[in-house]
Amino acid sequence: MLSQPSSVDHAPGTRYAYSNYGYLLLEKIIEKVSGLSYADYVQQKVLGAVKIKRMALGRSAKSQRRSTEAPYFSGKTGATVLDTSGTVVPAPYGSFNIENMAAHGGWLSSAVDLAKFSTIFDGAGPLTAASITRTFAKPSIGVNADGWYYGLGWQVRPVTGGMNTWHTGSLPGTSTLMVRRYDGLSWVVLFDQRDDPSGLGYGDIDSLLHKAANAVTTWPTTNLFSTYGL
């Protein structure tokens, strides 16, 4: 970022743009203020509050991947960033530096743990009611024509009865979706590729899951986090 022009593209407060770098800057602020590494702070202060024990930051080198980590698939390749050889590798296995992406896309998680993470924003974790309200508050700029906007880390769509909040993400070898609905339903979808040979888009799952959820008239009340989340 130091190589970028020192002038800003737009006057502050006049235009919204999603910024991965903003999350990396936040990572450094967290480390400066807390005196902890970013990973330790998140694991101790955030994930620990809802008893998530397995989430960890990923590694670029295949040899450093966790034994429980899913394999990743991609039809794309790229030059390795692990050394200066220029060796062409499968895109998910060394074509980008995931360590440098820690705060904007570096976490490894299961769908169960991400579902548990979403409960933080229902008041189950370290956030206060005021913090949660600020997270989903409508900004002064950046509201789309149909009313949805990006809050503090979540996309937000006001709907009758409340709001739907969600976030997507993808890297070579992954495509993800996490949704919290106005009616208390939440779901997480994790794919292990994003460039399917069929050409079909992974984003299509979003509307289909809303349709499926709307067709259910009675939901069980059993809590299975203790069974699948440890």
Side-chain angles (χ1 to χ4, degrees), residues 18 20 23 39 42-43 45-58 65-74 92 98 101-127 131-132 135-136 148-157 159 161-196 200-216 218-230:
Y18 188 91
N20 280 335
Y23 285 98
V42 172
Q43 287 166 331
K45 306 297 184 179
V46 181
L47 304 179
V50 287
K51 299 181 179 180
I52 295 175
K53 302 176 181 179
R54 298 177 299 186
M55 285 180 63
L57 292 178
R65 301 288 171 94
R66 290 174 167 249
S67 60
T68 55
E69 193 170 346
Y72 306 110
F73 301 95
S74 174
I98 199 168
M101 301 180 184
H104 84 69
W107 286 96
L108 301 175
S109 179
S110 66
V112 171
D113 283 345
L114 276 180
K116 187 180 291 187
F117 172 81
S118 74
T119 66
I120 291 173
F121 299 90
D122 299 319
L127 298 180
S131 294
I132 294 172
T135 297
F136 301 122
W148 70 270
Y149 53 86
Y150 194 75
L152 300 181
W154 287 86
Q155 290 165 297
V156 182
R157 185 190 303 278
V159 297
M163 60 180 63
N164 291 341
T165 61
W166 74 98
H167 211 296
T168 61
S170 71
L171 288 169
T174 61
S175 182
T176 65
L177 169 68
M178 179 163 58
V179 174
R180 299 172 61 258
R181 289 215 325 185
Y182 73 96
D183 55 4
L185 291 177
S186 298
W187 54 77
V188 174
V189 183
L190 305 180
F191 291 110
D192 55 5
Q193 63 182 36
R194 73 173 181 183
D195 54 303
D196 194 90
L200 295 175
Y202 285 89
D204 294 344
I205 194 72
D206 186 25
S207 61
L208 294 173
L209 285 174
H210 280 281
K211 182 178 180 180
N214 291 338
V216 178
T218 303
W219 293 92
T221 58
T222 307
N223 187 335
L224 297 177
F225 276 140
S226 61
T227 302
Y228 296 102
L230 297 178

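Considering CZ of F191 and OG1 of T174, their distance stands at 11.5 Å, rounded to 0.5 Å. One finds the CG atom of L177 at 8.5 Å from the CD1 atom of I205 (value rounded to the nearest 0.5 Å). Within the model, atoms CG of N214 and CG of L209 stand 10.5 Å from one another, a figure rounded to the nearest 0.5 Å. Atom CZ of R66 sits about 6.5 Å away from atom CG of L108, to the nearest 0.5 Å. Note: K53 NZ to L47 CG = 12.5 Å, rounded to the nearest 0.5 Å. One finds the CG atom of D113 at 7.0 Å from the CE atom of M55 (value rounded to the nearest 0.5 Å).
The aromatic rings of H167 and Y150 lie perpendicular to each other, with more than 60° between the two planes, well past the 30° mark. Using cut-offs of 30° and 60° for the angle between ring planes, the W187 and H210 rings count as perpendicular.
A pairwise comparison of heavy atoms in F136 and Y149 identifies O-OH, 2.7 Å as the closest pair. Closest of all the heavy-atom pairs between G125 and A49 is CA-CB, 4.3 Å. Closest approach of S109 to L114, counting heavy atoms only: OG-CG, 3.4 Å. Across every non-hydrogen atom of V50 and T119, the tightest pair is CG1-OG1, 4.1 Å. Of all heavy-atom pairs spanning S74 and D195, the tightest one is OG-OD1, 3.1 Å. Shown here for Y202 and S175, the closest heavy-atom pair between the two residues is CB-OG, 3.5 Å.
By the salt bridge (charged side-chain N to carboxylate O under 4.0 Å, His left out) test, R181 pairs with D183, sequence neighbours left out. Scanning for side-chain contact (heavy atoms from CB on, under 4.5 Å) contacts around F73 gives P71, D192, Q193, with sequence neighbours left out.
Looking only at distances, no side-chain donor or acceptor of D122 sits under 3.5 Å from a matching main-chain atom of A124.
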side-chain contact (heavy atoms from CB on, under 4.5 Å) between K51 and F225, intermediate numbers included: CA-CA 10 Å; K51 299 181 179 180; F225 276 140; over 6 Å; no

Step-by-step side chain to side chain donor-acceptor pair (under 3.5 Å) determination, S170 to R194: CA-CA 7 Å; S170 71; R194 73 173 181 183; 3.0 Å; yes

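The shortest distance between side-chain heavy atoms of W148 and V156 does not fall below 4.5 Å. Looking only at side-chain heavy atoms (C-beta outward), L171 and M101 come within less than 4.5 Å of each other.
For the ring pair (Phe, Tyr, Trp, His ring centres under 6.0 Å) criterion with W154, the lone passing option out of F117, F121, W166 is F121.
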